[in-house]
Amino acid sequence: MMTIVLTALQYLGYILIFPGFLFCFVIGMLLCGIDRKIVARMQKRVGPPVLQPFYDFFKLCGKETIIPAAASKTTFLAAPLVGLAALVVLQLFIPIHGFSAFSGMADIIVILYLLLIPAMAAMLGGAASGSPYAGIGLSREMVTIIACELPLVMVLLAVGKVVGGDAVTFSFSKIANYQLANGSLITHASLIPAAIAMLLIIPGETGNHPFDTAEAETEICEGLLAEYSGAPLAVYKLTHCVKVLTLTSFFAALFLGGIGTGIVVVDALILVAICIVLTIVSISFVHAITARLKIEQVFKFYWTIVTGLALISLVLAWYGL
Amino acid sequence: MFKKLIEESTAKSPWLFHINAGSCNGCDIELVSVLTPRYDAERLGFKLTGTPRHADIVVVTGPVTSQSLPRVLRAISQVPEPRCIVTMGSCPQSGNVFRGSYSVAGPLSKYVHVDVDVAGCAPKPEAVIDGLALATQILKEKRAKK
Amino acid sequence: MSFANFLDYHHFPVYSIMVLFLGAFLIVLFGKNKFMRNLLAFLAVSISLACIVALVKPVMLDGEIIAYWMGNRAVAGGYAIGIALEVDALSLFFALLISTAVFVSGIYSLQYMEHDNNVPEYYTLFLMLSGGVIGLVLSGDIFNMFIMVEILTFAAVALTAFRNKAHGALEAAFKYLVVGCIGSTCILVGIIMLYAQAHTLNFAQLSAVIPGNMNNATKLAFALLFVGFGTKAFIVPFHPLAADAHGAAPASISVLISGVLTKSGIYGLIRLTYFLFQTMNLGTFQFLLVFIGSVSMFVCVTMALAQHDFKRLLAFHSISQIGYVLAAVGLCTGLGFSAGLYHAMNHTLFKGLLFLCAGAVLHQTGTTNLDELGGLSKKMPWTTGLFLVGAFSISGLPPFNGFASKWMVYQAAYQKASETGNIGFLFVTLIALVTSVLTLASFVKVSQSVFFGRLPAKYENVKEVKGGMIFAMCLFAILCVVTGLFPSAVTKYLTEPAARAVFSVVNYIDAAMGTGYAASAMGENLPVVASFNFNELGYWSPISWLLILCIALLAVTIVAVSGKYDKVSESSEIADSKYDLFFGGEKSVYSQVGGGDLFWGFKHNWRHYFSFMHDLHSGIVNDYSLWAIVALAIVTLFIQIVL
Amino acid sequence: MIMFNYIASFFLIALGFYTIITKYNLVKTVIGLSIADYGVNLLIISVGYNPGGTAPIYTLGELTSASYFVDPIPQALTLTSIVIGACVTAMSLSLVMKLHESYGTLDTREIRRLRG
């Protein structure tokens, strides 16, 4: 009896503290804060404090939540919560150097689909608000997802092929074990284009510059979030931050596995360091040096250049180079 | 403790919504220059938003023409509480050179409660930042009173 | 003969067909009375379902193959003289999902059709259609299969034209009739050519005789039968018919056309390729199936993105999903079959649900035009919720059933690609995944244009549909969730036995013709089946995921609610500009991005493709017939070359 | 001789299909369907034909290895097929009538509200 309770508590701890909510909340916000600071420094500004996302979050919690008369209340309020919960659950499946809170439950293709749920929640929430700006935002968000999906799939298939050989695999644990035994996959020559493609996918999936057409505040009034205010908006902002963490740690699990000590705390810190570096490289640098693209340019970019990179990787992996 | 946290955060993350009520664009340009590297209001947490639903501070420029008045009032009413209204430049405060024109309905304070007036034509960026900082304090007080 | 004899389960297949035809007949006689008619229809569909369900244990679980000779005219002298019903796990699998769809659609019809004229005729045709399809999948005689195909085609054509005042109903029916008849003619000619070769019409005996005696005539027969059943499955290039027919028919019939008729076509194709001609070890032929499947998947999903009508959009998706089934089945691996059949089942469930939702919208608002509707979620909350279940299922969002089967399809394709070293199968995986996300896109479009967004003023007084219709939709929704949450149970008890049945042709032949017949008739031609496995590449446990999600969601909700998340400002009746939508400060008017204009960024890059496709689907019956003939020519050439 | 039957039946089927594809009149389309159907019927009956065979009627005891008759099954199939062909014609002609009522034309190129 005692052991059951302890096990339950342990898993509850996984969900709520590490690598669940608390970890996601703190690290995700931190990554976004660092991103804003780095971008500011690159533009020769002082920039907001690193804790700025926390301030934004708590401020929004204290604001009034207005439900527009045209909105469907339940969907409008529930969508942000569902999106956040789904994203945090997704984070639980991503292994941290061999440590995986819930191993054997979801493989990389499942992760691909689980990533759609927060986006879907945001889209339904936006659609439920009834705003015409949300309609345009939804359209653009969906096109961005379509754009990212193809190269992302190719990257995953290439990784599965390299790890599994003839017996291709989608399994996370096999990928992790392979990297423990053979070193990080990024050292694998055929996967370098895939890693670059993945780095370019991260800002698209999170909706960061220059792929933030869906939330363009200057042209379509924040798109999907146009009618959100107060706490639901805070949840959306948090979801965005967690998404940055999820995608960077997904990258780490795919390409930078095998770096670690075996002690969970140390590994977590290493993961945080890796995520910070990845955020700076793939989000901040790209943000600072580009202007926002038009939506058809986003689509074209992903389906030509990024897909091309991923395809090179896939073909190389296929022929075992 | 939580309440305190929200109060502190309210002062540290004021988001702006900018309404042009018939301005000559002088103030609009100055407002944008506040966000440029030289003055960098983002270090204080300021951020321009695209929709009144996200805003804390509404910045109104221009003499409030009779065409823009209902739009301005509607947009201001859509800002969630606590909110703070800042007029920028002389126009929304007095009408400036447009005063007395058949098409000017201002000043704005006839219609809504204005929290901060930043005078000048156009105001210097330092003055704008000062006014906005004042507005964040008012915002914090409003939040605390609630 | 005692009464207990009638309840022997060996008789159940014939009961399940008879009771539907009998019901159709009785409704013609007594259908004037509303209560009588509803009772008869309900009894017919439920008894049929009960008979099929009762067969699950002996056939699926114990692996028995029931060969039922009508009038006890069994095999004599090595020749099948009588007419047979033969039920193996594959037949039963299809019969099960068909009778489920028929049952739910029947319940839905009771309230859905109450405002129409000529309802007795509707039920007659409805039951004829159902009986035809169940007869097709349970039949062990190839000419009987043809008869059933004709019955169901006629019933479907008549039902498509049933609301002949509706937009394009007659036109759709006529096109369907013409191309359907070309298909039926092909099937009949193919059957006759086989008969001329083998002098038998029994499916099992044909399966034993034909593969060893292939010549040009049998190859031509193969091509003819393939195209004939292809028209019934509406695969590319026959998909425009499906789109027209679904859009025009009453929603309860659209459920049958998409969930049942296409399945019967797929069933025919499986029987044809893997039993009659035994192409299991023929890589090039697998290529044909997989190619057609992939093309169907992609072409139809892009066509769906361009549609402005709710039901027409669903119709194109229907064929897109059939493409998944065909591609997976064409892979000819254990996992591929299991995945394909699983997806066929899921398709029946979620597409049925979606069509019923479309029917509910049509019933209450009188239109299915995406550009006119909007904001119905406030007026029809149940329908909205159920629609979302269906939409999530079809776009493969976990944990609904569409995900489980699509996930298996990807794995099967990738595994096949890796095993054979053929990079072509790799692109099947890619196309399948891209199709899946495009499917999601078009359902986002539907939810934005119909259920969310702004409510047009003319729909202010729309009400939720009645309980009976909601009940029918709930049945499908529950099945969608259940089959999604227990994928391992579904594969173990339903799809894997059916997949095994495909790989055990010899058992099928022996069950009908007597043990040892296959070995003696086929000699060294006995099909050698490469070992097949159901191993998966990854893992996915929906129950645990859902459990964790629930805990997480609960935690978030508790935190949120304790933080006064639900303390919101809502509009009272008094008009207050605070609760208007933000519209750049203007007074908000009804404005919504039209259904056709969503996803502009995608369509702009593909504009040449879309305009080409639009021109191609010209709507002229001559063109569609030409496609059918050209498809026949190509398939004939292909088969003559590779077989 | 029987070869001629096969050629004729395939010619009929091809002619029927040709009519369906090239003629823009609904009634002609229906005629095309019927022609194809007749071709199929001819094919079926020819398949069962045995040169010099007798009618497939016999009583017990009469059947010897030398007795030689026409295959009866295709004849049964032909009957079915003829019935189905009649149904097709009836059904499609009734649809044509209704179409003419609501569209005011019989030209297939104008009956294309559902497209794209």
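Note that these values count all heavy atoms, side chains included, but never hydrogens, waters or copies made by symmetry. First the proteins, then the strands, lettered A, B, ... as listed; each starts at 1.
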Item to check | Atom of Asp40(B), atom of Val46(A) and distance for their closest heavy-atom approach | outcome: OD2-N, 3.0 Å
Checklist entry - At their closest point, which heavy atom of Thr51(B) faces which heavy atom of Ala226(A), and how far apart are they? => result OG1-O, 3.0 Å
Item to check | Contact check, side chains of Lys59(A) and Asp56(B), non-hydrogen atoms, under 4.5 Å | outcome: yes
Checklist outcome for this item: If one checks every heavy atom of Ala55(B) against chain A at 4.5 Å, the contacting part turns out to be backbone
Item to check | Approximate separation, where rounding is to 0.5 Å, of Ile6(B) CD1 and Phe58(A) CZ | outcome: 8.0 Å
Checklist outcome for this item: Here the gap from Ser13(B) atom OG to Leu51(A) atom CG, rounded to the nearest 0.5 Å, amounts to 12.5 Å
Checklist entry - Can you check whether Arg53(B) reaches Pro68(A) side chain to side chain, under 4.5 Å on heavy atoms? => result yes
Checklist outcome for this item: In short, Leu35(B) meets Arg45(A) closest at the heavy-atom pair O-CD, 4.0 Å
Output a table of donor-acceptor pairs, distance under 3.5 Å, between side-chain atoms of residues 119-141 of chain B and any protein atom two or more places apart or on a different chain; print 'none' if there are none.
unit_1: Thr136(B); atom_1: OG1; unit_2: Ala133(B); atom_2: O; d: 2.4
unit_1: Lys140(B); atom_1: NZ; unit_2: Glu8(B); atom_2: OE2; d: 3.3

Next on the checklist: Could you go through Leu233(A) and His54(B), starting from their C-alpha distance and side-chain angles, then the distance that decides it, and tell me whether this counts as side chain to side chain contact (heavy atoms under 4.5 Å, CB included)?
Outcome noted: CA-CA 8 Å; Leu233(A) 182 62; His54(B) 297 193; 3.6 Å; yes
Item to check | Gln52(A) side chain reached by Glu42(B) side chain, heavy atoms, under 4.5 Å | outcome: no
Checklist entry - Does some side-chain heavy atom of Lys44(A) sit less than 4.5 Å from a side-chain heavy atom of Arg38(B)? => result no
Item to check | Stepwise salt bridge (Lys or Arg N to Asp or Glu O under 4.0 Å) check, Asp56(A) with Lys12(B) | outcome: CA-CA 8 Å; Asp56(A) 290 351; Lys12(B) 283 184 174 169; over 6 Å; no
Checklist entry - Going from CD on Glu81(B) to OG on Ser229(A), what distance comes out if it is rounded to the nearest 0.5 angstrom? => result 11.0 Å
Checklist entry - Between Tyr55(A) and Ser9(B), what is the shortest heavy-atom contact and its length? => result O-CB, 3.3 Å
Item to check | Any pair counted as side-chain hydrogen bond (donor to acceptor under 3.5 Å, both in side chains), so long as it reaches residues 236-245 of chain A, sequence neighbours left out | outcome: Asn208(A)-His240(A)
Next on the checklist: Between Trp15(B) and Leu60(A), is there a side-chain heavy-atom distance shorter than 4.5 Å?
Outcome noted: yes
Item to check | Residues, nucleotides or ligands: over 12 heavy atoms within 6.0 Å of Lys300(A) NZ | outcome: no
Item to check | chain B interface, residue from Arg36(A), Gln43(A), Glu227(A), Lys37(A) that has the most non-hydrogen pairs under 4.5 Å | outcome: Glu227(A)
